[in-house]
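What follows is a set of notes on a single structure, which appears directly below.
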Amino acid sequence: MSKQNNTDLSIGGNIWNVLPTNERQVEILCQKTGISTHLATILSQRNIPYQDVENFLNPKISTLMPNPSILKDMDKASQRIAQAIINNEKIGIIGDYDADGATSTSVMRLFLTYLGAETIVHIPEREEGYGPSHLAFEEFKNFGATLVITVDCGTSAFEILEAHNQEFDIIVIDHHEAETKLPKVHAVVNPKRLDQTDERPDLGHLAAVGVVFLSVVATNRVLREQNFYNDTLKEPNLMQWLDLVALGTVCDVVTLIGLNRAYVTQGLKIMANRQNIGLKTLIDSANINEKPDAYHLGFVLGPRINACGRVGRASISSKLLCSTNPFEAKELVESMNTYNQERKDIECFVLEQAIEMLEGSPQNYPMAFVHNTNWHQGVIGIVAGKLKERYNLPSFVMSIEEDEVKGSARSIPEVDLGALIISAKEKGVITKGGGHHMAAGFSLTQEQIPAFKQFAGEYILKSLQNTTPTPILNIDLCINLTGANHKLCQELEQLKPFGTGNLEPTILIRNVYFNKPYIIGSGHIKCELTSITSQKLPAIAFKVADTSIGKEILSQSKNCYDVVGNLRFNHWNNNTTLQFMITDIKRAV
């Protein structure tokens, strides 16, 4: 076992940590699978045994899809949905107002509509609150629905669901954390049920849309067994909806392992065909002229879809993804783009105010803790994330409303936010809240803010043990400039899709010089990386012109540097070239 660590700070203020390499495991991976040493090194670091390499590099639905019956209540749910289809019952669908909720409702609705079922979808506005509501059930009653399906919500909606359980058969299809108690409804399909077997642990990482797709597969199987399909109504090609499954999976930032990798890999292929009219219109509007990848889903399409639930009308996203009318789709996308720009403007305003508050007064605790009257609830989570990135500290952002204070928080690895919020709730310094290690949401009264600030600050001080947190930049591979070539980049492409649980490999290139640096766009810097042997590699660093990294690059110093970043192909005007995306730099030793 070899290990190398650099403990001195980089110019970007990070500790560089070259990940350890298990050389014996790398050798086994190379021998058993025929992959390169570089690829084997990265797979070894990600704990992929040689038996799983094929499924990891070439994930296929056919090999990774489980029997849906492995999930508790799946058979009950699929049989009841099939019965409703056969009996021409009307069906109500409740979703969430984010991208996972929009894609979940859309996959279910498109499947049911294909089979001739009448459906009504209710996406709550943010002011209405998350999950099922009496308002939704009133709509379903007026519509004449007898079956209600909740997607991406419902697991902990005990009071609401049980209040309507006599009027409707209710099926919950969800992926959120479950308690020992479950709602008393017809079926609860959730891989995170505490009584769920761990035979397929990867199913616990599914987004809601992934669970919905399994439910569709199971329902389709029941209908096939009951000879529902005939010459007039052919069995649907379920694969056509994998583009939506991929979109929801990436946008919900779930771990891209196991079945999720197959969903995203195959879904991107479907998306490239642009068969979904609404999605095609959105892609065209976003000027995506190449085959979409996980980056486009998470950072281009996802924010537009989520903007509707943050600052606009939450139902727009689901309507768009189910649209079959190009003119309607265009109008919906125009509204979506308007809301997205509004979201950006509001977010920028709140962020600027938050930074002024933090930097305009001394801070007693190692955290970013800000609140103001009527900050838009739809952006406080994004702002908390940006403050966390800016200061590398746990960040709390609160909007003071008339009746209560709504808060969102983001953390660093050293501080468990979920545990902090649970403890705060137990101590009575907030009224409600929940989350996980890195993110949380909570509510409290305005009078509780000082006590919560003190509680959170002392909790964080104890967690950090009076040390100053320093961001660590993990490095997958160390190479020289000659090694940063097309062959390596092609090997790295095999690791896609990148995302949570499978981050894009971070590369350290040693002993390079910055040649011909210049500023482009909004503070980006382009340059050439060169070596003493005259190799050249185009490079770019985003939004760094006014930072220590940017100033160092622009200084045109004669110093030699080590650089960290990502090696990618740059596709432009039908040409493909190599480019290095600079994340951080350090003067070479």
Pairs touching residues 23-66 that satisfy ring-ring contact (aromatic ring centres under 6.0 Å, His included), sequence neighbours left out: none

If only atom types and distance count, is the side chain of His524 paired as donor or acceptor with the main-chain N or O of Lys543 below 3.5 Å? yes

Is there a side-chain contact between Pro538 and Lys526 in this structure, where contact means two heavy atoms from C-beta onward sitting under 4.5 Å apart? no

What I'd like to find out is whether the side chain of Arg343 reaches to under 4.5 Å of the side chain of Asn340, using heavy atoms alone. yes

By the salt bridge (Lys or Arg N to Asp or Glu O under 4.0 Å) test, which pairs, at least two apart or in different chains, include something from residues 256-285? Arg274-Asp284, Lys280-Asp284

Do Ile382 and Arg310 have side chains that approach each other closer than 4.5 Å (heavy atoms only, starting at C-beta)? yes

Measure across Leu182 and Ala178 and return the closest heavy-atom pair with its distance rounded to 0.1 Å. CD2-CB, 4.3 Å

Return the set of residues passing side chain to side chain contact (heavy atoms under 4.5 Å, CB included) with Gln45 (not counting sequence neighbours), or none when no residue passes. Leu19, Thr21, Thr41, Ile42, Asp476

Between Asn276 and Asp243: side-chain donor-acceptor atoms closer than 3.5 Å: no

Suppose we screen for side chain to side chain contact (heavy atoms under 4.5 Å, CB included). Which residues come up paired with Pro49, at least two apart in sequence or across chains? Gln51, Asp52

In Å and rounded to the nearest 0.5 Å, what is the OG1 to CD1 distance from Thr547 to Ile11? 10.0 Å

Is there a donor-acceptor contact under 3.5 Å from the side chain of Arg46 to the main chain of Gly501? no

Closest non-hydrogen atoms of Pro505 and Leu495, given as atom of the first, atom of the second and distance, are CG-CD1, 3.6 Å

Quick check for you: to the nearest 0.5 Å, what is the distance between Ser106 atom OG and Ile123 atom CD1? 7.5 Å

Could you list the residues that satisfy side chain to side chain donor-acceptor pair (under 3.5 Å) with Asn220, not counting sequence neighbours? Tyr229, Glu235

Between Glu504 and Arg568, is there a salt bridge with N-O shorter than 4.0 Å? yes

Do Arg221 and Asn67 get their side chains close enough for a donor-acceptor pair, meaning under 3.5 Å? yes

Without hydrogens or angle criteria, can the side chains of Asn306 and Asp98 be said to hold a donor-acceptor pair below 3.5 Å? no

To the closest 0.5 Å, what do you measure between CG (Asp202) and CG (Leu64)? 7.5 Å

Heavy-atom pair with the smallest gap, counting every atom of Lys72 and Asp195: CE-O, 3.1 Å

Carboxylate-amine/guanidinium contact Glu389 Lys386, below 4.0 Å: no

Look up atom CG in Asn14 and atom CG in Asp8, then write down how far apart they are to the nearest 0.5 Å. 11.5 Å

Is there a donor in the side chain of Asn190 and an acceptor in the side chain of Thr155, or the other way round, less than 3.5 Å apart? yes

Would you say that more than 12 heavy atoms from the other residues, nucleotides or ligands in this model lie under 6.0 Å from the CG of Asn237, or not? yes

Can you name the one residue among Leu242, Val151, Leu244 that meets side-chain contact (heavy atoms from CB on, under 4.5 Å) with Val107? Leu244

Report yes if the side chains of Leu71 and Gln196 come closer than 4.5 Å at any heavy-atom pair, otherwise no. yes

Would you name the heavy atoms of Ser78 and Asp75 that are closest together and state the gap between them? OG-O, 3.2 Å

Looking only at heavy atoms, the pair that brings Ala207 and Asp252 closest together is CB-CB, 4.2 Å

pair Asn260-Leu206: side-chain heavy atoms closer than 4.5 Å: yes

Rounded at 0.5 Å granularity, tell me how far OG in Ser215 sits from CG in Asp73. 10.5 Å

Go through the structure and list residues passing side chain to side chain contact (heavy atoms under 4.5 Å, CB included) with Cys251, not counting sequence neighbours. Ala99, Leu247

Judged by atom type as modelled, is there a donor-acceptor pair below 3.5 Å linking the side chain of Thr467 to the main-chain atoms of Leu464? yes

Close side-chain approach of Leu488 to Leu477, heavy-atom, < 4.5 Å: yes

Within-4.5 Å side-chain heavy-atom neighbours: Lys388 and Ile412: yes

Flag, side chain of His175 to backbone of His205, donor-acceptor distance under 3.5 Å: no

Salt bridge (charged side-chain N to carboxylate O under 4.0 Å, His left out) filter on Lys192, not counting sequence neighbours, yields Glu177

Ignoring hydrogens, what is the shortest heavy-atom contact between Asn485 and Leu578? Give both atom names and the distance. C-CD1, 3.4 Å

Within residues 252-307 or reaching into it, pairs that qualify as ring-ring contact (aromatic ring centres under 6.0 Å, His included) - sequence neighbours excluded: Phe213-Tyr263, Tyr295-Phe299

With sequence neighbours left out, write down each residue that passes ring-ring contact (aromatic ring centres under 6.0 Å, His included) with Tyr114, or none if nothing qualifies. none

So does Ala208 get a backbone contact from the side chain of Asp152, meaning a donor-acceptor N/O pair under 3.5 Å? no

Test item: Asp198 side-chain N/O and Pro201 main-chain N/O as donor-acceptor pair under 3.5 Å: no

Salt bridge (Lys or Arg N to Asp or Glu O under 4.0 Å) contacts in which one or both residues fall within residues 292-307, not counting sequence neighbours: Asp293-Lys496

Does NZ belonging to Lys76 count more than 12 external heavy atoms closer than 6.0 Å? yes

Return the orientation label for the Phe514 and Tyr561 ring planes: parallel under 30°, perpendicular over 60°, tilted otherwise. tilted

So, do Pro497 and Val250 sit near enough that their side-chain heavy atoms are less than 4.5 Å apart? no

Rounded distance [0.5 Å steps], CG in Leu29 versus CD1 in Ile48: 9.5 Å

If the condition is side chain to side chain contact (heavy atoms under 4.5 Å, CB included), which residues does Leu481 pass it with, not counting sequence neighbours? Ile509, Val512, Leu529, Ser531, Gln535, Leu537

Suppose we screen for salt bridge (charged side-chain N to carboxylate O under 4.0 Å, His left out). Which residues come up paired with Glu54, at least two apart in sequence or across chains? none

